[in-house]
J.: 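Just passing along the structure, written as structure tokens.
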There are 2 protein chains.
Amino acid sequence: MTVSKTAEKSSGKSADPAKGRKDATEVQSEALQLGELSEQLGYVLKRAQLKVFENFLRCMASLQLTPAQFSVLLLVEKNPGRNQTEIASTLGILRPNFVAMLDNLESRDLCARIRSTNDRRSHILVLTDKGKAVLARAKKLVATKHEARLNELLGQANREALLAMLSKIASEF
Amino acid sequence: MTVSKTAEKSSGKSADPAKGRKDATEVQSEALQLGELSEQLGYVLKRAQLKVFENFLRCMASLQLTPAQFSVLLLVEKNPGRNQTEIASTLGILRPNFVAMLDNLESRDLCARIRSTNDRRSHILVLTDKGKAVLARAKKLVATKHEARLNELLGQANREALLAMLSKIASEF
DNA sequence: TATTGTTATACTCTATAACTATA
DNA sequence: TATAGTTATAGAGTATAACAATA
């Protein structure tokens with residue numbers, strides 16, 4: 001909501017921004033003060049999330065998997081035989097929006113919809129062999145490029161503490 | 001990307017989900033296993049961010065301010081006299097998208113665009129008196145309802161550690 | 001020629017209602 | 001009657017190109 005994906009350099013329109021000013025009302029034309037914004041958890045959380053997703057996409061460029069697609073593959077692998085409603089709702093994806101997502105994954109032969117014999121309204125979801133292979137490669141990329149970078153930045157212990165706090169917020173806030 | 005704003009209850013379609021099964025292939029029809037998903041920082045980060053924004057909106061319902069609008073008011077208050085480009089780019093908002101946002105805030109008499117005398121292309125942004133008053137009330141709501149809730153959940157020290165780590169990710173990742 | 005604010009536009013993500021086929 | 005998957009659609013949020021006024 002607050003933040004977009006592109007950063008932009010600040011201008012600094014005058015030739016010598018450090019020199020004398022015309023009058024006292026003119027502010028110094030350099031970086032703005034974030035002020036209380038840098039203490040707003042929501043603001044920092046959003047900016048951090050965008051950075052993490054951006055990095056995830058870069059790490060996954062060769063496999064063309066978005067964070068959402070990766071989460072679907074992971075969940076289907078862990079819970080084979082569940083239907084669309086169960087997978088979607090666990091991920092917080094609304095069923096209507098899940099249809100196009102699955103169409104995409106299925107068209108790439110990463111997962112398959114199988115009509116359930118128990119309840120012929122349901123589509124059971126499973127990973128294809130290719131889906132399993134791609135997911136295995138994706139996990140490796142995430143571990144060696146994405147998570148490794150985070151561990152490097154924060155340290156293993158801090159990364160785990162961060163995850164624990166975010167989980168608490170996600171489940172209890 | 002991964003997560004929507006509404007949660008949904010899982011079904012549990014059979015009358016007695018704990019009792020005997022038809023055959024060994026049928027899975028237990030209760031909660032799904034998140035598996036590695038709960039270790040994915042991006043996934044947890046996104047879900048936490050949605051919860052925090054949701055709570056922010058609830059706390060701000062009386063003032064009808066979104067996180068993005070709050071961030072604009074905060075930044076304009078801290079940096080009066082800056083133009084649209086400077087405020088927008090600092091927040092990561094693209095200039096074209098900032099126009100409608102400002103139209104909204106200006107129509108509610110919370111901030112004003114003033115044609116700069118130095119550079120008549122620029123619109124200098126300032127908070128109106130009403131804007132200052134509303135922002136003051138917003139800050140109070142955020143402190144007493146929103147941040148207080150977070151401190152209650154995490155503890156003051158943890159909340160600060162969380163903020164520090166997220167800031168590091170936002171700026172260095 | 002370059003920049004500011006703006007318009008137009010498009011694409012993604014999210015959300016709701018309603019249809020169909022099954023139960 | 002209710003549920004699963006689907007379609008259609010609408011609204012945010014985000015992205016790019018291009019224009020008028022001004023520098």
Side-chain angles (χ1 to χ4, degrees), chain A residues 1-15 29 46-47 49-50 53-54 57 66-69 71-72 81-106 111-125, chain B residues 1-15 29 46-47 49-50 53-54 57 64 66-69 71-72 81-89 91-106 111-125:
Chain A
M1 221 170 214
T2 303
V3 196
S4 84
K5 269 154 203 158
T6 49
E8 294 153 37
K9 64 287 159 215
S10 48
S11 53
K13 58 194 131 191
S14 60
S29 280
K46 177 81 182 182
R47 299 211 77 137
Q49 184 261 310
L50 288 174
F53 270 42
E54 225 175 275
L57 285 170
T66 66
Q69 291 168 335
S71 71
V72 171
R82 298 296 193 145
N83 66 27
Q84 295 184 198
T85 298
E86 292 172 310
I87 298 293
S89 79
T90 299
L91 293 173
I93 300 171
L94 294 174
R95 282 167 308 247
N97 299 331
F98 196 45
V99 174
M101 242 188 116
L102 272 186
D103 288 348
N104 179 321
L105 294 176
E106 204 171 21
C111 80
R113 293 184 244 225
I114 302 173
R115 190 123 246 160
S116 168
T117 50
N118 300 339
D119 183 341
R120 300 191 50 261
R121 293 170 301 182
S122 291
H123 289 168
I124 292 314
L125 297 181
Chain B
M1 224 166 217
T2 303
V3 196
S4 84
K5 270 154 202 159
T6 49
E8 294 154 36
K9 65 286 160 213
S10 47
S11 54
K13 60 194 127 188
S14 62
S29 277
K46 178 80 183 183
R47 297 211 79 137
Q49 185 261 308
L50 288 173
F53 270 42
E54 226 175 274
L57 286 171
Q64 286 287 98
T66 66
Q69 291 168 335
S71 71
V72 171
R82 298 294 193 145
N83 67 26
Q84 295 183 196
T85 297
E86 292 172 311
I87 298 294
S89 78
L91 293 173
I93 301 171
L94 294 174
R95 282 166 308 249
N97 299 332
F98 196 45
V99 174
M101 241 188 116
L102 271 185
D103 288 348
N104 179 320
L105 294 175
E106 203 171 20
C111 81
R113 293 184 245 227
I114 302 173
R115 190 122 245 159
S116 168
T117 51
N118 299 340
D119 183 342
R120 300 192 48 261
R121 293 170 302 183
S122 293
H123 289 169
I124 291 316
L125 298 181

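Computed over heavy atoms, backbone and side chain alike; hydrogens, waters and symmetry mates excluded.
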J.: Any idea which heavy atoms bring A:L57 and A:P67 closest together, and the distance?
T.: CD2-CD, 3.8 Å
J.: Looking only at atom types and distance, does a side-chain atom of A:R95 sit under 3.5 Å from a main-chain N or O of A:T85, one as donor and one as acceptor?
T.: no
J.: For nucleotides 18-23 of chain D, give me one character per nucleotide, 5' to 3': B if any protein heavy atom sits under 4.0 Å from the base, S if the only such contacts are to the sugar-phosphate, - if neither.
T.: ---BBS
J.: To the nearest angstrom, how far is B:N97 atom CG from C:dG5 atom C1'?
T.: 13 Å
J.: Please state how far atom CG in B:L102 lies from atom P in C:dT7, giving the value in whole angstrom units.
T.: 12 Å
J.: Just how far, in rounded Å, is P of D:dA4 from CG of A:L125?
T.: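 These atoms are roughly 13 Å apart.
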J.: For A:I93 and C:dT16, give me the distance from atom CD1 to atom P, rounded to whole Å.
T.: 16 Å
J.: Quick one: is A:R113 getting a side-chain N or O under 4.0 Å of the D:dT6 phosphate, OP1 or OP2?
T.: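 Yes, because at least one side-chain N or O of A:R113 sits under 4.0 Å from OP1 or OP2 of D:dT6.
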J.: Examine D:dG5: is either OP1 or OP2 under 4.0 Å from a nitrogen or oxygen in the side chain of A:T85? Give yes or no.
T.: yes
J.: One pair to check against side chain to side chain contact (heavy atoms under 4.5 Å, CB included): A:L102 and A:L125. What are the steps and the verdict?
T.: CA-CA 9 Å; A:L102 272 186; A:L125 297 181; 3.7 Å; yes
J.: Can you check the A:K46 NZ to C:dC13 P distance for me, whole Å?
T.: 12 Å
J.: If every non-hydrogen atom of B:M101 is compared with every non-hydrogen atom of B:V72, which pair is closest and at what distance?
T.: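 Distance-wise, the nearest heavy atoms are CE-CG2, 3.4 Å.
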J.: How long is the line joining CZ of A:R82 and P of D:dA4, in whole Å?
T.: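 It is 13 Å, rounded to the nearest whole Å.
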J.: Looking only at side-chain atoms of B:V99, point me to the closest of C:dT7, D:dT14, D:dG5.
T.: C:dT7
J.: Quick one: does B:T66's side chain get under 4.5 Å of B:S71's, heavy atoms only?
T.: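 Sidechains of B:S71 and B:T66: no contact.
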J.: Rounded off to whole Å, could you give me the CE-to-P distance for the A:M101 and D:dT6 pair?
T.: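 So the CE-P distance, A:M101 to D:dT6, works out to 14 Å.
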J.: Please give me the minimum heavy-atom distance between B:Q64 and B:Q69, naming the atom from each residue.
T.: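 Nearest pair, atom of B:Q64 first, then B:Q69: O-OE1, 3.5 Å.
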J.: Whole angstroms only, please: what is the CG-C1' distance between B:L94 and C:dA8?
T.: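 One finds 15 Å between C1' of C:dA8 and CG of B:L94, rounded.
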J.: Can you spot which of A:Q84, A:R82, A:R113 makes a side-chain hydrogen bond (donor to acceptor under 3.5 Å, both in side chains) with A:H123?
T.: A:Q84
